Amino acid sequence: AAAEDITFHVRSEASFRAALQAVSRLPQHLPKTISVHGTVHLSRPLELTEAHSHTRIVGMAASQSERLWTGKTHAAGRAHHNVGAVLSGGYTVDPDCWKPVDSPTQTQAQARPFRAKSGGTVYSCVLPTNVTHAVRTRLRSTTVTINGVRAWPARHPNAVLDPSSDEEMYLQGWAHVRESRYLGVNATTGLAVTRIGVDGPNFAPLCGAAAVAPGNTPRIHIFPTLSWQNVELPITPAPAPAPVQSEEARRRSGEQLCYFDVHGPAGKLSNMSNSGRIEQGNRFFLYGMAAALDQDTEWHLNATTGELMVALANPSLASVTIAVTDTILHLRNTHHVVVQNVSFHNTGYQAQGFQDGFNTEPGPDKGMPEDAAIRVSNSSQIQITHCNFSSLGGGGVVASNQSTAVDISFCNFLDMGQSGVMLPGNLTSQARGVTVADNYMLGLGRVLASAAGILVSSASDCQLLRNFISDGSRWGIAIRSNGEGAMSLRNVVAHNHIVNVGQQTRDMGGLSFIGSGYTGTHVYSNCVRNVIGTDCSVPGGSFLRPFFTWSVYLDNWSSGFVVEKNVVTGNTRGGVFFHGGQSNVVRNNVLHNTSFLAPPPGAYAHYTSGAVQVQAMSSDPPCRNNTFVNNIVLFYNCTGGDLWESDVKRWEAAFLARVDDNVYFCAGPHWNTSSSTFTPAGSWQQWRQQGWDTHSVLGDPQIAGALVGNFTVLDSSPARRLGWQSLDPDCAIC
């Protein structure tokens with residue numbers, strides 16, 4: 001029977017584990033199939049090792065799977081696979097366990113505001129001991145889904161449950177820090193402490209002793225200064241700090257504030273940290289306290305007693321599942337494994353949210369969040385295809401630790417807590433030869449915002465192709481190199497559609513690349529539409545949106561990139577940013593509709609608007625030999641519309657090797673090409689006198705319909721006689 005496929009049918013965790021044990025006893029070369037039927041709830045991850053090589057894990061409805069998005073066609077709605085098999089990292093509460101809270105315990109009494117506010121009912125269930133233990137010991141934060149949709153923990157201010165727009169979803173449901181003072185590192189705990197003041201009348205039910213009532217685990221979800229990330233950290237009630245005799249303190253002396261101490265890792269939560277510093281104006285909400293349970297579908301877990309409470313305006317109780325593990329499937333030291341037509345739901349997460357460290361070492365909080373439903377470690381010839389990942393506390397798939405030949409294709413990643421796919425590691429441990437292709441990703445970084453559709457930090461020889469990525473918190477696709485010991489080399493990023501990213505953070509690109517060293521990476525035929533950017537002013541706390549984004553961001557000495565035949569449309573700072581770096585080639589791209597929204601006075605205020613930007617980070621390594629040829633730059637806000645922009649104090653002609661054969665056009669009034677800031681060299685004439693753009697044209701590029709997303713360049717375009725090459729059809733419609 002050496003050529004026959006041995007099949008095991010599983011319908012429960014026990015039968016799945018028995019099947020894995022049986023597979024491990026069979027010769028590795030024999031083909032084996034584990035057929036998953038229905039929903040299998042797991043109490044801990046399933047592990048496949050070398051003994052499970054040449055195994056397929058297949059959902060029961062494989063023949064009915066359907067992909068609704070390809071590299072050439074957009075789906076009108078969400079992609080969907082008709083998959084009857086589900087692997088869940090959660091425990092679904094027995095409906096008979098739920099009791100309405102009529103005679104509340106001390107913990108339940110804190111949830112009374114919901115009944116008073118909405119007339120709804122709070123239901124309570126004491127979970128089994130093993131479930132409570134799993135949540136308490138395996139997860140830093142759990143996830144609860146109601147009818148398959150992730151629900152918010154009891155929080156204040158409340159989330160917008162049914163937003164009518166992105167602005168309503170992302171700009172409402174926040175409070176802002178009124179005061180902030182860094183207190184240093186606690187000698188006992190080793191944690192850094194920042195004391196914050198919040199609006200006392202607004203947070204009165206959660207202040208003081210109420211925060212630490214029995215069963216509470218009070219926490220803050222906050223975007224620190226610069227809004228590169230959000231973090232979730234424990235808090236404790238605190239006394240008012242000693243008065244500071246400053247103008248700001250005197251102005252606020254009449255306010256009623258309550259105070260909390262925020263506890264976080266030393267070096268990350270610090271007044272010296274660029275991205276972990278908490279300041280006045282930062283946006284946040286508090287959670288983990290029963291008294292905040294005042295909105296439909298919110299939940300609160302007493303991790304000591306195991307009592308789970310859920311607020312439901314409709315007394316007809318929904319199906320409630322609580323995550324008990326952060327990983328569902330761990331492929332470790334195995335090879336030739338296929339995972340096909342399986343849905344992955346209900347995971348918690350370990351990460352706090354800090355992106356410092358950049359994932360060159362394993363472990364939580366070593367960089368950007370990297371929790372995932374499937375972890376691939378030191379494995380090869382792995383195929384994950386036609387699977388669904390949805391409503392997860394973490395991300396979808398992480399491949400690392402010298403994994404090779406991993407193929408992640410034709411999958412749906414919907415409503416992800418973190419990134420869709422992540423490839424972390426250093427030059428020794430990184431994954432190589434990974435293909436991420438033809439996936440549909442919608443709703444990324446919903447919990448921890450330092451996330452992307454595909455996040456690489458670092459990996460080499462990877463193909464990132466034909467993915468549709470939309471509604472992301474930060475990047476669409478991001479690739480990092482982290483010095484000589486963690487370079488990302490020879491990657492290909494092509495034929496991806498990236499739409500509406502940068503929803504919660506600032507200072508990024510839809511296609512974002514960072515790190516010094518020559519990478520040999522090729523970026524071509526991608527569509528990037530609407531890189532938005534969000535932040536809050538410091539100290540005012542007013543929202544800035546859209547704010548501080550680029551479409552293609554060659555950040556922090558990024559070198560050796562070829563960027564060609566892409567269409568980028570809609571950002572706030574520029575189509576392309578050369579931020580230091582050497583020997584980058586940007587050619588035959590359409591850069592459309594930079595909005596020229598410059599930052600307010602303060603950080604980065606020396607920049608003005610620019611369609612293309614070039615800046616020297618420093619003299620070591622120097623910015624050198626970057627090429628910009630045969631591109632079309634088209635925009636509409638001509639008032640103050642500088643074309644090329646740089647920090648004039650650091651501008652050197654050696655930044656650029658060749659700039660020519662481009663077509664630039666502002667299709668609006670008052671475009672002053674004689675402005676002294678039109679280019680780093682001054683006016684358009686002065687720029688050309690220095691040898692730049694000597695054959696380029698200021699004029700209409702003759703694009704078929706840029707404002708309706710058709711970027712086909714007509715035969716009558718002046719770009720044609722300058723050497724323009726036609727865009728690939730799947731990119732021209734963007």
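Predicted model, so just to flag it, every value in this text is computed and none were measured. Nothing fancy with the numbering, it's 1 onward along the sequence.
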Whether E47 side chain and R332 backbone form a donor-acceptor pair below 3.5 Å: no

Test applied, side-chain contact (heavy atoms from CB on, under 4.5 Å); reference residue, V36; option that passes from V58, L87, N341: L87

Residue pair T143 / T347: nearest heavy atoms and the distance that separates them: OG1-O, 2.9 Å

Spacing of T194 atom OG1 and I235 atom CD1 [to the nearest 0.5 Å]: 12.5 Å

Sulfur-sulfur distance C207/C258 under 2.5 Å: yes

Euclidean distance, L455 CG relative to Q355 CD, rounded to 0.5 Å: 9.0 Å

Heavy-atom closest pair, residues W299 and A151: NE1-O, 3.1 Å

Exercise: identify the closest heavy-atom pair between L329 and T327: O-CG2, 3.6 Å

Whether N147 side chain and S319 backbone form a donor-acceptor pair below 3.5 Å: yes

Polar side-chain atom of S403 near backbone of S400 as donor-acceptor pair, under 3.5 Å: yes

Sidechain-backbone polar pair: T534 side chain, Q503 backbone, donor-acceptor under 3.5 Å: yes

Interatomic distance, T217 atom OG1 to R219 atom CZ [nearest 0.5 angstrom]: 7.0 Å

Over all atoms of both residues, closest heavy-atom pair of N401 and S377: ND2-OG, 2.9 Å

N230 side-chain N/O to H221 backbone N/O, donor-acceptor pair under 3.5 Å: no

Verdict with supporting geometry, F354 and Q229, side chain to side chain contact (heavy atoms under 4.5 Å, CB included): CA-CA 7 Å; F354 290 104; Q229 63 197 358; 3.7 Å; yes

Under 3.5 Å: donor-acceptor pair, side chain of N216, backbone of A211: yes

Close side-chain approach of I384 and F344, heavy atoms under 4.5 Å: no

Greater than 12 external heavy atoms within 6.0 Å of H37's NE2: yes

Check: A303 main-chain N/O paired with R136 side-chain donor or acceptor under 3.5 Å: yes

Pairwise side-chain contact, K99 with S124, heavy-atom cut-off 4.5 Å (strictly under): no

I328 backbone acceptor or donor facing R44 side chain under 3.5 Å: no

Value rounded to 0.5 Å, distance of NE2 in H176 from CG in D199: 11.0 Å

Between N202 and H156, a side-chain donor and acceptor under 3.5 Å: yes

Derivation and outcome, side chain to side chain contact (heavy atoms under 4.5 Å, CB included), residues I196 and V262: CA-CA 7 Å; I196 64 170; V262 182; 4.1 Å; yes

For F223, ring-ring contact (aromatic ring centres under 6.0 Å, His included) partners two or more places apart: W174

M441/I454 under side chain to side chain contact (heavy atoms under 4.5 Å, CB included): CA gap, chis, key distance, verdict: CA-CA 9 Å; M441 302 181 177; I454 305 168; 4.0 Å; yes

Gap separating the CG atom of D438 from the CG atom of N467, nearest 0.5 angstrom: 7.0 Å

Rounded distance (nearest 0.5 Å) linking atom CG of D371 with atom CD of Q418: 4.5 Å

Side chain to side chain, N130 and Y91, heavy atoms closer than 4.5 Å: no

F284 and F203 aromatic ring geometry - parallel, tilted or perpendicular at 30°/60° bounds: parallel

Side-chain heavy-atom pair F543, R283 within 4.5 angstrom cut-off: yes

Heavy-atom check, side chain of C536 versus side chain of S227, under 4.5 Å: no

Among L308, T325, L301, the one residue meeting side-chain contact (heavy atoms from CB on, under 4.5 Å) with V135: L301

Candidate pair T505 and R474, rule side-chain hydrogen bond (donor to acceptor under 3.5 Å, both in side chains), full reasoning: CA-CA 6 Å; T505 61; R474 190 156 175 76; 3.1 Å; yes

Backbone N/O of L331 and side chain of T334: donor-acceptor pair under 3.5 Å: no

V436 side chain reached by V397 side chain, heavy atoms, under 4.5 Å: no

Stepwise side chain to side chain contact (heavy atoms under 4.5 Å, CB included) test for L233 and L191: CA-CA 11 Å; L233 299 170; L191 296 176; over 6 Å; no

Under 3.5 Å: donor-acceptor pair, side chain of N359, backbone of M368: yes

Residue pair H345 / S390, side-chain donor-acceptor N/O under 3.5 Å: yes

I57 versus L48, closest heavy-atom pair with distance: CD1-CD2, 4.0 Å

Nearest heavy atoms of Y170 and R545, plus distance in Å: CD1-NH2, 4.0 Å

Minimum side-chain heavy-atom gap I34-L20 below 4.5 Å: yes

R155 vs E298 side-chain heavy atoms within contact, under 4.5 Å: yes

